Protein chains: 2
Amino acid sequence: MTLAEQVFHQLRRDIVSGKLKPMQPLRLDHLKKLYGVGFSPLREALNRLQSERLVQSVALRGFTVAPASQREMWDAIETRILIETRALRLSIALGDDDWESRLVGSLHALTLQHKRMADNNAAASADEDEALEARHQEFHATLISACGSERLIDFAQKLYIQTERYRYSGLHQRLPVGDRDVRAEHGALLSAAIDRDADRAAALLKRHYRLTGEMLDRTFDPSLGEKKAMSS
Amino acid sequence: MTLAEQVFHQLRRDIVSGKLKPMQPLRLDHLKKLYGVGFSPLREALNRLQSERLVQSVALRGFTVAPASQREMWDAIETRILIETRALRLSIALGDDDWESRLVGSLHALTLQHKRMADNNAAASADEDEALEARHQEFHATLISACGSERLIDFAQKLYIQTERYRYSGLHQRLPVGDRDVRAEHGALLSAAIDRDADRAAALLKRHYRLTGEMLDRTFDPSLGEKKAMSS
DNA sequence: TAAACCTAAATCTTCGAAAATCTGACCTAT
DNA sequence: ATAGGTCAGATTTTCGAAGATTTAGGTTTA
């Protein structure tokens with residue numbers, strides 16, 4: 001793995017986790033010391049992050065962490081619904097036995113991780129959180145993986161990362177989940193996909209993302225939710 | 001404008017125009033001499049082109065021009081229809097007087113350019129072609145400019161450039177337009193938008209892009225079309 | 001013969017200094 | 001007071017050499 005790729009992943013994690021705050025200027029000298037690399041891999045990583053909408057830049061005036069707001073969050077969520085419901089319908093139409101099997105497998109892996117963390121009533125470690133996030137991403141990626149369109153998959157992946165930012169804040173504010181049963185939502189999604197019921201699956205996916213968004217709305221307007229907890 | 005931006009635009013033109021062929025390896029030493037710049041701006045431009053799907057890269061093995069195929073073309077077209085019909089519906093719902101006015105203005109500019117080039121029965125110069133392309137892009141960008149979603153606009157712009165590649169080949173093969181009246185299609189689109197008839201506008205837009213795709217299908221299977229002409 | 005192992009050339013990646021540009025403070029003239 | 005101009009410091013952008021990796025060809029070995 002090249003240095004540029006390593007820095008890309010580190011920077012991405014630091015932005016998604018909020019260690020680097022929205023709108024914060026990213027000065028090259030500072031990042032150079034922080035990550036211990038030269039200008040070239042830094043610029044390469046920042047350029048790639050820009051196409052993921054995690055950083056912004058103005059020529060000759062440097063890079064900043066992309067702003068985060070409720071409006072941006074809902075734009076990402078609604079665009080993601082548009083892209084992924086289409087991709088899911090295509091996957092359901094085109095997916096073969098192998099796709100179904102991978103789907104069952106990735107939900108199982110997600111469930112295992114979920115259960116382990118639920119049993120363990122101590123606060124989840126950062127590693128466990130990351131593992132859960134990876135399983136979650138894997139399940140949603142598998143759902144649309146048989147759609148046959150590289151572009152839909154690519155857009156969906158970018159939008160996933162954009163929304164990850166907001167989920168992370170919610171996670172660390174220990175937002176109440178409300179009366180949601182996220183595991184059941186995933187299970188219903190799998191059933192609909194295996195039943196090849198595209199309408200039902202698309203509706204479930206849309207609701208899944210909207211519910212997440214509504215839960216995260218409380219991140220922005222604390223009066224709607226319970227008391228805010230500190231992050232980390 | 002920085003060197004990296006200049007090289008980005010030059011490289012993009014050379015790929016869209018086919019001067020750099022699909023799958024062609026892009027060796028840095030070669031590009032360095034070709035564009036007269038150092039490694040840094042080259043890499044920056046290539047990285048940006050990668051996020052536009054005009055180049056591909058593998059770490060430590062360099063960059064290549066992205067492949068072009070009928071399948072890729074239709075993927076870009078159908079994804080574009082998904083994105084732009086949504087964005088157009090939103091624009092029609094949200095657009096104000098200013099939007100309508102800009103729309104009328106940009107169609108007029110497109111029509112003027114179109115007429116000038118039609119009157120001039122000599123072969124169009126590269127400059128005229130570029131001007132027409134710019135007007136065309138401007139009209140389609142204006143159509144969706146009031147949608148309120150930066151992400152939809154961003155995706156649409158990237159997909160426009162991806163399809164531009166294929167339109168360029170068609171243009172220079174002097175494909176017969178068939179019984180299409182492209183100017184009328186644009187006019188009908190404007191009417192539907194101003195009438196705030198979202199269903200009609202979305203249907204027209206979809207048909208507009210599909211017809212273009214079907215025309216360009218002949219680029220890949222010459223037996224379907226008339227005799228092929230040389231490019232330039 | 002085919003596989004594994006070298007070696008040299010080609011190529012990509014990274015570094016830090018140098019060049020170019022921006023920012024803000026200070027000065028001047030109206 | 002305000003607009004415009006100038007300069008130093010901070011910052012980004014660019015360059016080419018040096019480092020790292022891949023590729024291709026030839027050699028050895030089983």
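Naming convention: chains lettered A, B, ... in sequence-line order (proteins, then strands); numbering from 1 in each chain. Source: prediction; values computed, not measured.
- In this structure, A:Leu28 reaches the bases: a heavy-atom distance under 4.0 Å links it to at least one base atom across the strands shown.
- Taking the side chain of B:Arg27 as heavy atoms from C-beta on, and the options C:dC12, D:dC15, D:dT11, the nearest nucleotide is C:dC12.
- Side chain of A:Pro41, nearest nucleotide from C:dC12, C:dG16, C:dT14: C:dT14.
- For B:Gln6 and D:dT14, the CD to P distance is 9 Å, given to the nearest whole Å.
- Taking atom CD of residue A:Glu44 and atom P of nucleotide D:dT14, one finds them 14 Å apart after rounding to whole Å.
- Remark: the B:Arg48 side chain and the A:Gln50 side chain contain no N/O donor-acceptor pair separated by less than 3.5 Å.
- If B:Asp29 and A:Gly36 are placed on DNA chain C by their nearest nucleotide, the residue sitting closer to the 5' end is B:Asp29.
- Across C:dT11, C:dT14, D:dT14, the shortest atom-to-atom separation from the side chain of A:Ser40 is found for C:dT14.
- Residue-level contact check: A:Leu42 touches neither bases nor backbone, having no heavy atom under 4.0 Å from any strand.
- Distance CG (B:Leu31) to P (C:dT11): 12 Å, rounded to an integer number of Å.
- Under a cut-off of 6.0 angstrom, the local environment of CG in B:Asp97 is sparse, with at most 12 non-hydrogen atoms contributed by other residues, nucleotides or ligands.
- B:Leu26 has its CG atom 9 Å from the P atom of C:dC12, to the nearest Å.
- Counting non-hydrogen atoms of other residues, nucleotides and ligands closer than 6.0 Å to CZ of B:Arg165 gives a total above 12.
- Nearest nucleotide to the side chain of B:Leu3, out of D:dG16, C:dC15, D:dC15: D:dC15.
- Of the residues in residues 53-65 of chain B, those with a non-hydrogen atom less than 4.0 angstrom from any atom of DNA chain D are B:Leu60, B:Arg61.
- Rounded to a whole Å, the CD atom of B:Gln50 is 14 Å from the P atom of C:dC12.
- If you measure from atom CG of A:Leu46 to atom P of D:dT11, you get 15 Å, rounded to the nearest angstrom.
- Protein atom NZ of A:Lys33 is 13 Å distant from nucleotide atom P of C:dG16, rounded to whole Å.
- Between B:His186 and B:Phe139, the two ring planes are perpendicular [angle over 60°; tilted spans 30° to 60°].
- In summary, the aromatic rings of B:His140 and B:Tyr209 are positioned with their centroids under 6.0 Å apart.
- Per the geometry, NZ belonging to B:Lys32 stands 15 Å off C1' belonging to C:dA10, to the nearest Å.
- Residues A:Glu5 and A:Thr2 have side chains that bring a donor and an acceptor to within less than 3.5 angstrom of each other.
- Aromatic ring centroids of B:His114 and B:His108 lie 6.0 Å or more apart.
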